[in-house]
Amino acid sequence: MNIHYHDLTLSEAKAMQENLRENIQSEPLNKPIHTIAGADISLDLYSETIYAGIVILRYADLQPLAYSLVKSTNTFPYVPGFLAFREVPALVQALAQIPIAPDVIMVDGHGIAHPRRMGIATHFGTLTNTATLGCAKKILFGKWPEPEAIKGSYTLIKDKEEIIGYAMRSKNNVKPIFISPGNQMCLQDSLNITVHCLRNHRLPEPTRKAHEFVNRFRTGELEEGYHELPNWELF
DNA sequence: GCGACAG
DNA sequence: ATCTTGTCGC
């Protein structure tokens, strides 16, 4: 599965989103979660190179178990509402070299909290047939009231009367994070999973670790490919 | 027409 | 997203 959204026009990309939208599965995730992965990408300024990373963690204690890193290239520009066309191809490659797929994947960006319900998490999930959710640092679409300043409090993100996600205070006195289901799960699932993954940082562990690993990859500290962490690192 | 606008 | 120094708060 080698995707390339290279020469797509925005109107073609939009048509593709309307199409993929029909594949969204929003029923509750009914299987137990043993592993969860975080997906993120990193860039060099003014470069077409894209570094993608997926880190798999044990759901019970959020310990990193393995990671997949890929260096790719893409000329599709960043356009709000079309982020997937820039980052998904590399993420698909990173997922492809993982021997045992994680039960759930948390993506850095939105799920259905998108004008056409096709944020990067939803796009990635429907394309690869995986369970995904989006966790973004900034809002893209929808109306939301400011949640209380205490960790754990949240409000609803709405498009008219429809609930499309949550704005949550993941830690005291920090800006909220924006959560929404991507694929193969419901709104409540995305909220529960995110809460489970919170530690003492604004970002939940899967996304936070993915960001850390992919940056270490970009700066040359880690090598491309699939790697399992040594047991002695897991205690 | 004007402002908003994930990474 | 990435580039940056100091600074404020828990």
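By convention in this document, chain letters (A, B, ...) are assigned in the order of the sequence lines, proteins followed by strands, and residues within each chain are numbered from 1.
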Could you run down the sub-3.5 Å N/O contacts of the protein with nucleotides 2-6 of chain C?
from, atom 1, to, atom 2, distance (Å)
C:dT2, OP1, A:Ser42, OG, 2.8
C:dT2, OP1, A:Asn215, OD1, 3.1

Separation of [X] atom [atom1] from [N] atom [atom2], in whole Å?
{"X": "A:Tyr166", "N": "B:dA6", "atom1": "OH", "atom2": "P", "answer": "22 Å"}
{"X": "A:Ile164", "N": "B:dA6", "atom1": "CD1", "atom2": "P", "answer": "14 Å"}
{"X": "A:Lys151", "N": "C:dC10", "atom1": "NZ", "atom2": "P", "answer": "16 Å"}
{"X": "A:Asn74", "N": "B:dG7", "atom1": "CG", "atom2": "P", "answer": "18 Å"}
{"X": "A:Phe82", "N": "B:dA6", "atom1": "CZ", "atom2": "P", "answer": "13 Å"}
{"X": "A:His114", "N": "B:dG7", "atom1": "NE2", "atom2": "C1'", "answer": "12 Å"}
{"X": "A:Lys171", "N": "C:dC10", "atom1": "NZ", "atom2": "P", "answer": "11 Å"}
{"X": "A:Leu83", "N": "B:dG7", "atom1": "CG", "atom2": "C1'", "answer": "5 Å"}

State, to 0.1 Å, how close [X] and [Y] come at their nearest heavy-atom pair, and which atoms those are.
{"X": "A:Pro64", "Y": "A:Leu229", "result": "O-CD2, 3.3 Å"}
{"X": "A:Thr122", "Y": "A:Gly111", "result": "OG1-C, 2.9 Å"}
{"X": "A:Gln97", "Y": "A:Ser68", "result": "NE2-OG, 2.9 Å"}

A:Lys14, NZ atom: more than 12 neighbouring heavy atoms under 6.0 Å
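Open: at most 12 neighbouring heavy atoms sit under 6.0 Å from NZ of A:Lys14.
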
Other residues, nucleotides, ligands: >12 heavy atoms within 6.0 Å of A:Lys31 NZ
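More than 12 within 6.0 Å, yes.
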
Are [X] and [Y] close enough for a salt bridge, meaning some N to O gap below 4.0 Å?
{"X": "A:Arg117", "Y": "A:Asp159", "value": "yes"}
{"X": "A:Arg169", "Y": "A:Glu146", "value": "yes"}
{"X": "A:Lys137", "Y": "A:Asp108", "value": "yes"}

Return whichever of A:Asn173 or A:Glu87 has its heavy-atom-nearest nucleotide of DNA chain C closer to the 5' end.
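The residue whose closest nucleotide sits nearer the 5' end is A:Glu87.
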
Ring-on-base stacking between A:Tyr78 and C:dA1, under 5.5 Å between centres and under 30° between planes: is it there?
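Here the ring of A:Tyr78 and the base of C:dA1 are not stacked, as the 5.5 Å and 30° limits are not both satisfied.
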
Please work out if [X] contacts a base, only the sugar-phosphate, or nothing of the nucleic acid, heavy-atom cut-off 4.0 Å.
{"X": "A:Ile139", "result": "sugar-phosphate"}
{"X": "A:Gly134", "result": "nothing"}
{"X": "A:Asn172", "result": "nothing"}
{"X": "A:Phe85", "result": "nothing"}

Stem finding on DNA chain B, please: runs of three or more consecutive Watson-Crick or G-U wobble pairs, both distances under 3.5 Å, sorted by first number.
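Detected stem regions: none for this strand.
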
Spatial distance of atom CD (A:Glu27) from atom SG (A:Cys186) [nearest 0.5 Å]
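Output value for this atom pair is 9.5 Å.
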
Below the 4.0 Å mark, does B:dG7 have OP1 or OP2 next to a side-chain nitrogen or oxygen of A:Lys137?
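For B:dG7, OP1 or OP2 has a side-chain N or O of A:Lys137 closer than 4.0 Å.
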
Check: A:Cys197 and A:Leu62 side chains under 4.5 Å, non-hydrogen atoms:
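They are in contact (side-chain heavy atoms under 4.5 Å apart), so the answer is yes.
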
